[in-house]
Every structure is written in C-alpha cells, then in structure tokens.
Amino acid sequence: MEIHRADERFRTASEWLDSRHSFSFGPHYDPANVGFGFLLAHNDETVAPGTGFGTHPHQDLEIVTWVLRGALAHRDSEGNSGEVHPGLAQRMTAGSGIRHSEWNDGTDPVHYVQMWVRPDRFDLPPSYEQAELDLSTGELVPVASGLAKHASSTAIHINQPAAGMSVARLSPGGTVELPGAPYLHLFVATGTATLDDAALGTADAVRLTDAGGRVTAGPDGAEVLVWEMY
C-alpha cells in the first residue's frame, strides 16, 4: 500500500486553474511516477468561472471525466458537445486524433477529476459517450469500465478490457469492500475515510498491488473513486 497525500501531489496553479496531478504531467516530471497500471493521468481540477481549456489535441487515450461540483462544457472536433455535471460520467476516446475544449460557462468554480487510461488498441475512431447514473445505493457503482464483469452494468464503456472505474457515495460510517486486483487505485474525492486502519483525507490517493480492503466513510461521508486494473 502506498498513500499519496493531497498536498504531496504535483500542483499547477494560475489565476483561473488549480490542478493537482497524481502522476507526471506537463512540466511536472518524475521518472518514478509516470502512471499506475493503465492510469496515465489522474488530475483533480478546479476551473474558475468564464475560463477553461481552449481547443487542444489528444491521441490514443481513453479520457474519463467525473464532475464533483459545478458544470463543465465540452465540445470536440467530431461535432459532439454537452455539459458534464455531478452524477454524469463522460468518456472521450481520442483514438486516431481529436481536438476538444473544456470550459466553465457558469458563475461558480467547477471541480472535477479527469483520468487518462491507455487503450488496448491505437488509432481507434474518435468517439464520445456520457450517461447519468444513480449513486444512492451506497455501493460501488461501475462508472467507466471495459471489464467483462461490468459489461452489463457500467454507465459508460472504455476501450481497455483490463481496467474499470467504480464510484461509491458513502453516508457517514458507510463501508464498501474493494475488489482485490493486481493494481487498485483509490481516490477520496470528497470527505474523509479509512482504508482498513489508514486514515485518508479529501484528495488523498492510495495505490495497492495484489490487494483489496475495506473503506469506511468518516463523520461527513465520502465519495471514493476506485480503479481496478488487471
């Protein structure tokens, strides 16, 4: 088990953006921290109102966006556009090449987590998918997955059959069992929690290899994002 605390992550800060990166990203480079399993980026972003990322390119990535607060507008070169808000999952397959923008058209900051996953094939046709889902059960809900066991239950599909992300929105004291996997990445998106006996705060992350565990939410509840990779 490796715990990565929120304030230990790489940080990009400007007048309009506050972003923390779990892995090497942009100008932040650590040869010992370039990814985990199939995860290449895990960015925790806050974007000021009326600002955002202008049109820029991507290639050969599965990009999953999960909004925690506010709304994020999306537009890409394939003609797709939409708004991502809490409870709605979005996947963009960059494939052979796509250009897109992400913008905060609202009056309040938007806070979201964006994750990049290595696909199982390169030069795929670019595509886009988003779907609403229900997190009221307090259980781990498959959100963005290519795992066979999630084929009929995941909200959106990714082109990586060895990886899947689930989310649990836990009430105070609520618990979930994490699946044992060769690579497991846990991120506390909101609230506080414990993983077995380890105390975790908001934006803390844990990397586990060949292990699972039990997550218990703190007194204010928690929302946790879990990637299992094989």
For V34 and S24, what are the C-alpha separation, side-chain angles and deciding distance, and is it a side chain to side chain contact (heavy atoms under 4.5 Å, CB included)? CA-CA 5 Å; V34 295; S24 294; 3.9 Å; yes

Carefully, step by step, assess D120 and Q160 under the rule side chain to side chain donor-acceptor pair (under 3.5 Å). CA-CA 5 Å; D120 65 330; Q160 178 46 265; 5.5 Å; no

Chi angles and distances behind the side chain to side chain contact (heavy atoms under 4.5 Å, CB included) call for T65, R91: CA-CA 7 Å; T65 302; R91 181 267 298 159; over 6 Å; no

Salt bridge (charged side-chain N to carboxylate O under 4.0 Å, His left out) between E228 and K149: does it pass, once the steps are laid out? CA-CA 12 Å; E228 55 180 301; K149 70 177 185 177; 3.0 Å; yes

Evaluate D204 against H4 for side chain to side chain contact (heavy atoms under 4.5 Å, CB included), listing each step before the verdict. CA-CA 6 Å; D204 285 353; H4 294 257; over 6 Å; no

Steps toward side chain to side chain donor-acceptor pair (under 3.5 Å) verdict (E45, H21): CA-CA 9 Å; E45 322 248 33; H21 318 288; 5.5 Å; no

Report the C-alpha distance between N43 and V113 in whole Å, list the side-chain angles of each, state the deciding distance to 0.1 Å, and finish with yes or no for side chain to side chain contact (heavy atoms under 4.5 Å, CB included). CA-CA 6 Å; N43 298 335; V113 182; over 6 Å; no

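Residues R121 and N159 meet the side-chain proximity criterion, which asks for heavy atoms closer than 4.5 Å. A heavy-atom distance below 4.5 Å is found between the side chains of R214 and D196. For the pair W227 and L184, the minimum side-chain heavy-atom distance is 4.5 Å or more. Between P126 and S96 there is a side-chain heavy-atom pair separated by less than 4.5 Å. By the 4.5 Å heavy-atom criterion applied to side chains, H185 and V226 are not counted as neighbours. The shortest side-chain heavy-atom distance between V206 and F187 does not fall under the 4.5 Å cut-off. Counting heavy atoms from C-beta on, the side chains of V47 and Y112 come closer than 4.5 Å. Annotation: side chain of N80 is not in contact with side chain of S127 (no heavy-atom distance under 4.5 Å).
Residue G95 comes nearest to Q59 through the heavy atom pair O-CG, 3.2 Å, listed as atom of the first residue, atom of the second, then distance. Nearest heavy atom pair, residue F38 against residue M229, reads N-SD, 3.3 Å. Among all heavy-atom pairs drawn from T202 and A189, the shortest one is CG2-O, 3.6 Å. Closest non-hydrogen pair, P109 versus P49, comes out as N-CG, 3.8 Å. Here the closest heavy-atom approach between residue V67 and residue V84 is recorded as CG2-O, 3.5 Å. S153 approaches P142 most closely through the heavy-atom pair OG-CG, 3.6 Å.
A donor-acceptor pair is defined here as one N or O able to donate and one able to accept, closer than 3.5 Å; such a pair exists between the side chain of S77 and the backbone of R99. The backbone N or O of D123 lies less than 3.5 Å from a partner atom in the side chain of D60, making a donor-acceptor pair. Checking side-chain atoms of T51 against main-chain N and O of A48 turns up a donor-acceptor pair under 3.5 Å. When atom types are taken as modelled, the side chain of T194 and the backbone of D197 share no donor-acceptor pair closer than 3.5 angstrom. Panel note: side chain D76, backbone G79; a donor-acceptor pair is recorded below 3.5 Å.
Cluster membership check: L72 shares its hydrophobic cluster with W16, using side-chain heavy-atom separations under 4.5 Å among Ile, Leu, Val, Met, Phe, Trp and Tyr. Hydrophobic clustering (ILVMFWY, side-chain heavy atoms < 4.5 Å, transitive): L133 and L68 are in one cluster. Under the 4.5 Å side-chain heavy-atom criterion for Ile, Leu, Val, Met, Phe, Trp and Tyr, Y183 and L208 are members of distinct hydrophobic clusters. Tracing side-chain contacts under 4.5 Å through hydrophobic residues (I, L, V, M, F, W, Y), one never reaches W66 starting from L186; they form parts of separate clusters. One hydrophobic cluster holds both L170 and V188 under the rule that ILVMFWY side chains link at heavy-atom gaps under 4.5 Å.
Residues forming a salt bridge (charged side-chain N to carboxylate O under 4.0 Å, His left out) with R9 (at least two apart in sequence, or on another chain): D44. Not counting sequence neighbours, the partners of E102 by the side-chain hydrogen bond (donor to acceptor under 3.5 Å, both in side chains) test are Q114.
Ring centroids of H100 and Y128 are separated by 6.0 Å or more, keeping the two rings apart.
Distance CG/N104 to CG/L17: 11.5 Å, rounded to 0.5 Å. With rounding to the nearest 0.5 Å, the separation of CG in N33 from OG in S22 is 8.0 Å. Rounding to the nearest 0.5 Å places CZ of F53 at 11.5 Å from OG of S101. Once rounded to the nearest 0.5 Å, the distance linking CE of M115 with CD1 of I158 reads 10.0 Å. For the atom pair CG of L39 and CZ of R207, the computed distance is 9.0 Å after rounding to the nearest 0.5 Å. To the nearest 0.5 Å, atom NE2 of residue H157 and atom CG of residue L147 are 10.5 Å apart.
Defined by atom type and a distance below 3.5 Å, a donor-acceptor pair is missing between the side-chain atoms of E83 and W103. For the residue pair H28 / D30, no side-chain donor-acceptor distance below 3.5 Å is found, with atom types taken as modelled. Side-chain atoms of Q90 and H85 form no donor-acceptor pair, as typed in the model, at a separation below 3.5 Å.
For R11 and D18, the salt-bridge test passes: some basic side-chain N is under 4.0 Å from an acidic carboxylate O.
Ring geometry, H42 versus F23: the interplanar angle exceeds 60°, so the pair is classed perpendicular (tilted spans 30 to 60°).
Other residues, nucleotides and ligands place more than 12 heavy atoms under 6.0 Å from the CD atom of E132.
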